[in-house]
Amino acid sequence: MDVSHLLDSLNPPQREAVSAAPGHTLVLAGAGSGKTRVLTHRIAWLVEVEHVPVWAILSVTFTNKAAGEMRGRLDRLLSGRTQGLNVGTFHGIAHRLLRRHWREAQISENFQILDADDQRRLVKRVMQGLNVDEARYSPRQAVWSINAWKDEGKRPDSIETRDHPSLAVFVEIYRAYEGACHRGGLLDFAELLLRSHELWLHDPALLAHYRERWSYLLVDEFQDTNTLQYAWLRLLAGQHGQVFAVGDDDQAIYGWRGARVENIQHFLRDFPNVRSVRLEQNYRSSGTILKAANALIARNCDRLGKNLWTTDGAGQRIAVYTAYNEQDEARFVIERIREHLDTGGQANDIAILYRSNAQSRTFEEQLVQQRLAYRVYGGQRFFERAEIKDALAYLRLAANRHDDAAFERAVNTPPRGIGDRTLDIVRRQARDNNSSLWDSANQASTDLSLGGRARNALHSFAKLIEQLAGEGTRLGLAEQIEQVLACSQLREHYQRDRRGNAESRLENLDELLNVASRFEPTAEDLDAGLSELSAFLAHATLEAGEAQGGEGSDCVQLMTLHSAKGLEFQQVFLVGLEDGLFPSQKSIDEDGRLEEERRLAYVGITRARSHLTICHAESRRLHGSVMMTRPSRFLTEIPAELLDEVRPRVQRTRPLWSHAARPARLRDTGNESGLQLGQPVRHPSFGDGVVVSAEGTGKHTRVQVRFENAGSKWLVLAFAKLTLL
DNA sequence: CGCCGCAGGCTTTTT
DNA sequence: GCCTGCGGCG
């Protein structure tokens, strides 16, 4: 068998991974080392050389984008022989599994998926039903706890609360929320995974079937798996399944949402005879950029250890610019971009990467001013827009009357005289009878606990939904949505909306019709028994779509470091490298969180192909007040000989501000209190520190002091016993 | 019902 | 500083 077309384009370690003998394989793939290539070629190898039937292969990714990319590459590599090959996200695969086995999983046949927003609302409702004091127990935290528990595979009964009474409140919320989800046929994202895991656990025959069926498992971004996903994979693999895991512990940046890098080590421990392969040759960045990345990441402990190298030359040094403030930083970056464009460069080559979304604003303002095309990643996605969710809520309700989340949304949007008073009665009744809002509303519209007007309103709402459900079954998806928009008067509602965005809302609704008319359920959807409507609704929630269009157009890209993972750009501007921003203050304050920030910096640096520019500002407006900043510790961790200071760094020893450059608000505070930003001070209990920010006047003056050993504190000047040093 | 004003929060994001 | 959500009022 001639396998040259699968191996020729690969380097020796890549080849080793792709052609690995049967068994488990761990590929530690450094940034830019061709991991997707290895994954796709491995699948092709299994199919063409090992003669594994495509349906026996399950390839799991985290994002739809990654899954789509993989599918596209495989189509080319296998020249279209990918019928029946399973490539998908953890959630997508779990979803299909549950659609097919809803009975065994003990869930409603036409269950709906809750997105983060639906989940938040529902948890809040549940908390109100339980009379939980929202000031003491925030809905935010409740949602977070529930998701964290689910990600750990825990149900309310298996959570130990004896030592933590306050935890018990959250467990009760979790329990009540589970009840509400069950009644409404609703599954949140984590539930998809947890349910399918439990489905296998409780149904050995079914598990055996899937173990038999999917005996070749491939996992991308293995460092991002959480406890539940790992358990899911391990269960599915069993004794005979072969796992091919690809990951990079140095690019693990999602620990804060439950990802466990340790799963890489667990894989080596839990699975027998894992062959591991390191991919360290980098095909993306210049030698200098790789040196910087290597030096930085070498400061982390507990690494599996990798050192990126390239056959390319050193290339340019990394430019470092010290700006006055965030305005100056943006001005500098945009000037550089102008230069690049003026010398014939493409805007597409350029990315501005930052730690937090709030930073994009300054850049956007100046890009607009300079009339440069740009695109900001992140933000609201298409199917998460209020008007879209409003329209879909009617369809959801038509498909499943007991969907309380959809009911809450649709019942009074547009306003039809079903106010909070009425709804509260409906909600209480639903709670008392353990029924859905729909049933409760229908009951309320006949009994006399409500006024006539409210009864009528509820009654006509119910009629509307029945009508949509009745006529809808004969219509195509787009017609069905059109019918919703017309009959519910949603369209008029948005037309009347004169808060300035009526136009874009209507455009979005039109786009919804477009999307719906183009939509076709996949073979897998149909296979799992989904109707066109259910498939569309699931698609809307599981693949909420791009946040912004303009994908193909030539523009500068702005995004957070997190969203930049997996991408590469000719020229990267890494901005806001200041302690407190990047690394973020929270990760400095809390123990053991710095390494993840450092990995984030590593991800940022390794996005650049040839030009990397790092910026930091000496002062920055953050949460409303101006802060003095220090260059990020990560900047000092890059060897100086790799850096090129664009402007000599201002001496950190006084004067920090020339009189003219000092912002007015700061000057005021400075004059009155005799304190200057940067002033070293001593506090009787916190020790020595430096004034980094100030606000207020007279006896209300508060200063922020960054103490050497006690972190940052806001102190009221009149009371704090500060000594000037 | 809908508008307005105030308080509180505030890193990162996918599914 | 900006956004969200809530409560009060017309």
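Below, all heavy atoms of this structure are taken into account, side chains as well, without hydrogens, waters or symmetry copies. Below, read A as the first sequence line, B as the second, and so on, with proteins coming before strands; counting in each chain starts at 1.
- Side-chain N/O atoms of Arg621(A) include one lying less than 4.0 angstrom from OP1 or OP2 on dG1(C).
- Under the 6.0 Å cut-off for aromatic ring centres, Trp232(A) and Phe90(A) qualify, their centroids lying closer than that.
- Among the nucleotides dT13(B), dG1(C), dT15(B), the one closest to the side chain of Tyr254(A) is dT13(B).
- Separating the C1' atom of dT12(B) from that of dG5(C) is a span of 23 Å, rounded to the nearest Å.
- Here the nucleotide nearest the side chain of His562(A), chosen from dT15(B), dG5(C), dT12(B), is dT12(B).
- Side-chain N/O atoms of Asn357(A) include none lying less than 4.0 angstrom from OP1 or OP2 on dC10(B).
- Protein atom CD of Glu365(A) is 8 Å distant from nucleotide atom P of dC2(C), rounded to whole Å.
- If you measure from atom CG of Leu622(A) to atom P of dG9(B), you get 17 Å, rounded to the nearest angstrom.
- In this structure, the nucleotide among dC1(B), dC2(C), dT14(B) sitting nearest to the side chain of Pro415(A) is dC1(B).
- Where stacking is scored as ring centres under 5.5 Å apart with planes under 30°, Trp256(A) registers as stacked on the base of dT12(B).
- Each of Leu353(A), Ile253(A), Ile605(A), Thr560(A) was scored for a side-chain contact (heavy atoms from CB on, under 4.5 Å) with Leu600(A), with one residue passing: Ile253(A).
- Toward the 5′ end of DNA chain B lies the nearest nucleotide of Asp420(A), the other residue of the pair Arg257(A) and Asp420(A) mapping further downstream.
- Tested against Arg620(A), the residues Leu581(A), Asn325(A), Val626(A) include a single side-chain contact (heavy atoms from CB on, under 4.5 Å) partner, Leu581(A).
- Arg140(A) has a side-chain polar atom (N or O) that falls below the 4.0 Å cut-off from OP1 or OP2 of dC10(B).
- Closest contact between the side chain of Thr560(A) and the listed nucleotides dT14(B), dC6(C), dT12(B) involves dT12(B).
- Mapping Glu597(A) and Asn64(A) onto DNA chain B by nearest heavy atom places Glu597(A) closer to the 5' end of the strand.
- Among the protein residues, Thr541(A) comes within range of no part of the nucleic acid, since none of its heavy atoms lies under 4.0 Å from any strand.
- Checking dT15(B), dT13(B), dT12(B) against every side-chain atom of Ser563(A), the shortest atom distance belongs to dT13(B).
- Between Lys565(A) atom NZ and dT14(B) atom P there is a gap of 11 Å when expressed in whole angstrom units.
- Taking a cutoff of 4.0 Å between a charged side-chain nitrogen and a carboxylate oxygen, Asp118(A) and Arg396(A) qualify as a salt bridge.
- As rounded to whole Å, 22 Å separates atom P of dT12(B) from atom CD of Glu595(A).
- Residue contacts for Asn147(A): at a heavy-atom cut-off of 4.0 Å it reaches no nucleic acid atom on any strand shown.
- Among the atoms of the strands shown, base atoms are found under 4.0 Å from some heavy atom of Ser584(A).
- In this entry the distance linking CE of Met559(A) with P of dT14(B) reads 11 Å, nearest Å.
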Q.
Applying salt bridge (charged side-chain N to carboxylate O under 4.0 Å, His left out) to Arg155(A) and Glu191(A), what does each step give before you reach the verdict?
A. CA-CA 10 Å; Arg155(A) 292 299 188 186; Glu191(A) 187 73 24; 2.8 Å; yes

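- Between Asn226(A) atom CG and dT14(B) atom P there is a gap of 16 Å when expressed in whole angstrom units.
- Between the CZ atom of Arg120(A) and the P atom of dT15(B) there is a distance of 19 Å, given to the nearest Å.
- For Phe189(A), counting side-chain heavy atoms from C-beta on, the closest listed nucleotide (dT15(B), dT12(B), dC3(C)) is dT15(B).
- Contact check, Ser625(A) against dG1(C): no side-chain N or O comes under 4.0 Å of OP1 or OP2.
- Rounded to an integer number of Å, the gap from CG of Leu187(A) to P of dT15(B) is 18 Å.
- Across all strands shown, Asp224(A) has no heavy atoms under 4.0 Å from either base or sugar-phosphate atoms.
- With Phe62(A) as the fixed residue, the side-chain contact (heavy atoms from CB on, under 4.5 Å) test singles out one of Thr89(A), Asp224(A), Asp220(A): Asp224(A).
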